[in-house]
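Okay, structure first, notes after.
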Amino acid sequence: MKLIYNFFALSIFALITNVTIPKDNFAEILRQSDFYRGGQVPGVQWNLNLKNFENFEIRNEIELKIEASTVKESQNVLITFLGPKKYEGQKLLVRNNSMWFMKKGLRGPIPISGRQRLSGSASNADVATANYINDYQIEQVTEETLKDIPVWKFQLTAKNKLVTYSNITLYVVKDKNLAIKAEYYGKSGKLIKEGYFTYDNIIRYQGQSSPYLSNIEIKSALKKGDYTILEVVNPSFEEISSSKFLKNSL
């Protein structure tokens, strides 16, 4: 994706923007963009079909079930592997910025990192639902155009060292609050990967229908031709008991 803008004009506009729009409004925009990607609700679930490509050729596929709940500042996600058969029954549990792995034969859940690669360009944290409003500090917001689409460009910094990415640049469509692109940076400040989001699912929540996340394409910034596609299937809302996310429940 190519950014099209006049840098000088943008810099001036950014100064005006940051003065005239209260910071709390940007926080709400970020919170709503999380919602459309599975965050900020007491219960949501979907199936996730993951396809990993290396050098533009498909290498493997994984099917997952995602169950998530965000209550105030607390986020919980249970990821269950449905296929292929060799992965059946394996689980990942996310509680805020901590993660555990469990499979048959283990005596108990093993702590792992969200930065650890799950498959291809997707890390463990990439398959969890969005929680940027809780995990990241908004450093700056400017107005830009991304492929002729007016967007807010959020510069986000991790609130603690446990968060998967040190910095994220997020592009959110104005007036719709849909995040369409993310750039993920490591501790060194180097760009690691890019994520592209589409919203072809339609959901109904609290009496209103809206577009909802359907696809994520994660492209490696380090190796051309390596990318992972995550397809969101049949998203639905239902409050999930906190007991579902206990380690001893695995």
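Because the structure is a prediction, the values reported are computed rather than measured.
F26 and F154 have perpendicular rings, their planes meeting at more than 60° on a 0 to 90° scale where under 30° would count as parallel. Between Y205 and F35, the two ring planes are tilted [angle within 30° to 60°].
At least one donor-acceptor pair under 3.5 Å links the side chain of S220 to the backbone N or O of K223. No donor-acceptor pair under 3.5 Å is formed between the side chain of Y199 and the backbone N or O of S210. Judged by distance alone, with hydrogens and angles left aside, the side-chain atoms of N177 form no donor-acceptor pair with the main-chain N or O of I29 at under 3.5 Å. Side-chain atoms of Y212 come within 3.5 Å of backbone N or O of G38 as a donor-acceptor pair. A donor-acceptor pair under 3.5 Å is formed between the side chain of R204 and the backbone N or O of G207. A donor-acceptor contact shorter than 3.5 Å links the side chain of N201 to the backbone of V232. One N or O on the side chain of N96 and one on the backbone of Q75 form a donor-acceptor pair closer than 3.5 Å.
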message: Does V127 form a side-chain contact (heavy atoms from CB on, under 4.5 Å) with L48? I'd like the steps, not just the answer.
response: CA-CA 8 Å; V127 299; L48 190 67; 3.9 Å; yes
field: Criterion side-chain contact (heavy atoms from CB on, under 4.5 Å) on E144 and T142, from CA distance to verdict
entry: CA-CA 7 Å; E144 294 192 13; T142 55; 3.8 Å; yes
- prompt: What do the steps show when you test F53 against D226 for side-chain contact (heavy atoms from CB on, under 4.5 Å), and what is the final call?
  reply: CA-CA 6 Å; F53 293 80; D226 286 11; over 6 Å; no
query: Going through the distances and angles, do K219 and E217 end up as a side-chain contact (heavy atoms from CB on, under 4.5 Å)?
result: CA-CA 6 Å; K219 291 184 176 181; E217 183 176 0; 3.2 Å; yes
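Taken together through direct or relayed side-chain contacts under 4.5 Å among Ile, Leu, Val, Met, Phe, Trp and Tyr, F237 and V77 form part of one hydrophobic cluster.
In this structure L162 satisfies the side-chain contact (heavy atoms from CB on, under 4.5 Å) test together with N97, N160, sequence neighbours excluded. The side-chain contact (heavy atoms from CB on, under 4.5 Å) test applied to L191 returns E183, Y185, E194, A221, not counting sequence neighbours. By the side-chain hydrogen bond (donor to acceptor under 3.5 Å, both in side chains) test, N134 is found to be paired with N131, residues two or more places apart in sequence or in another chain being considered. Residues meeting the ring pair (Phe, Tyr, Trp, His ring centres under 6.0 Å) test with Y165, sequence neighbours left out: Y184.
In this structure, N215 and L213 approach most closely via the heavy-atom pair O-CD1, 3.6 Å. The minimum heavy-atom distance between S69 and I240, with the atom names listed, is OG-O, 4.4 Å. The nearest pair of heavy atoms linking I168 to A182 is CG2-CB, 4.2 Å. Of all heavy-atom pairs between D148 and P150, the closest is O-CD, 3.7 Å. Closest heavy-atom contact between I203 and P235: CG2-CG, 3.8 Å. A158 and V163 make their closest contact through CB-CB, 3.8 Å (heavy atoms, listed as atom of the first residue, atom of the second, distance).
No side-chain heavy atom of Q45 sits under 4.5 Å from any side-chain heavy atom of I66. For the pair F101 and L106, the minimum side-chain heavy-atom distance is below 4.5 Å. Side chains of L50 and T228 form a contact here, defined as non-hydrogen atoms less than 4.5 Å apart. Here the side chains of L92 and I112 are in contact, with some heavy-atom distance below 4.5 Å. At least one side-chain heavy atom of L93 sits under 4.5 Å from a side-chain heavy atom of K247. The closest side-chain heavy-atom distance from M102 to Q90 is not below 4.5 Å. Put simply, the side chain of E63 reaches to within 4.5 Å of the side chain of N47, judged on heavy atoms. Side-chain contact check for V233 versus N49: some heavy-atom pair is nearer than 4.5 Å.
For the pair K181 and Y196, the cation-pi criterion (under 6.0 Å, within 45° of the ring axis) is not fulfilled. A cation-pi arrangement is absent between K65 and W46 under the rule of less than 6.0 angstrom and at most 45 degrees off the ring axis. Relative to the six-membered ring of F197, R37 meets both conditions, a distance below 6.0 Å and an angle of at most 45° to the axis.
The distance from atom CD1 of I218 to atom CD1 of I229, rounded to the nearest 0.5 Å, is 10.5 Å. Interatomic distance, N55 CG to K224 NZ, rounded to the nearest 0.5 Å: 10.5 Å. Note that NZ of K174 is 9.0 Å distant from OG1 of T145, once rounded to the nearest 0.5 Å. With rounding to the nearest 0.5 angstrom, the CZ atom of R95 is 11.5 Å from the CG atom of L78. Note that the NZ atom of K187 and the CG atom of N167 stand 12.0 Å from one another [nearest 0.5 Å].
Sorted by first then second residue, the ring-ring contact (aromatic ring centres under 6.0 Å, His included) pairs that include residues 127-146, not counting sequence neighbours, are Y132-Y136.
Atom NZ of K159 has more than 12 heavy atoms from other residues, nucleotides or ligands within 6.0 Å.
Between K193 and D126 there is a salt bridge, since at least one side-chain N of the basic residue sits less than 4.0 Å from a carboxylate O of the acidic one. Here E143 does not pair with K153 in a salt bridge; the nearest charged N to carboxylate O distance is not below 4.0 Å.
Checking I180, V173, I133, L170 one by one against S33, the side-chain contact (heavy atoms from CB on, under 4.5 Å) holds for a single residue, L170.
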Acceptor/donor pairs from residues 79-88 side chains to any protein atom, 3.5 angstrom cut, sequence neighbours excluded:
none

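Of the N and O atoms on the side chains of T169 and Q155, at least one donor lies less than 3.5 Å from an acceptor on the other residue.
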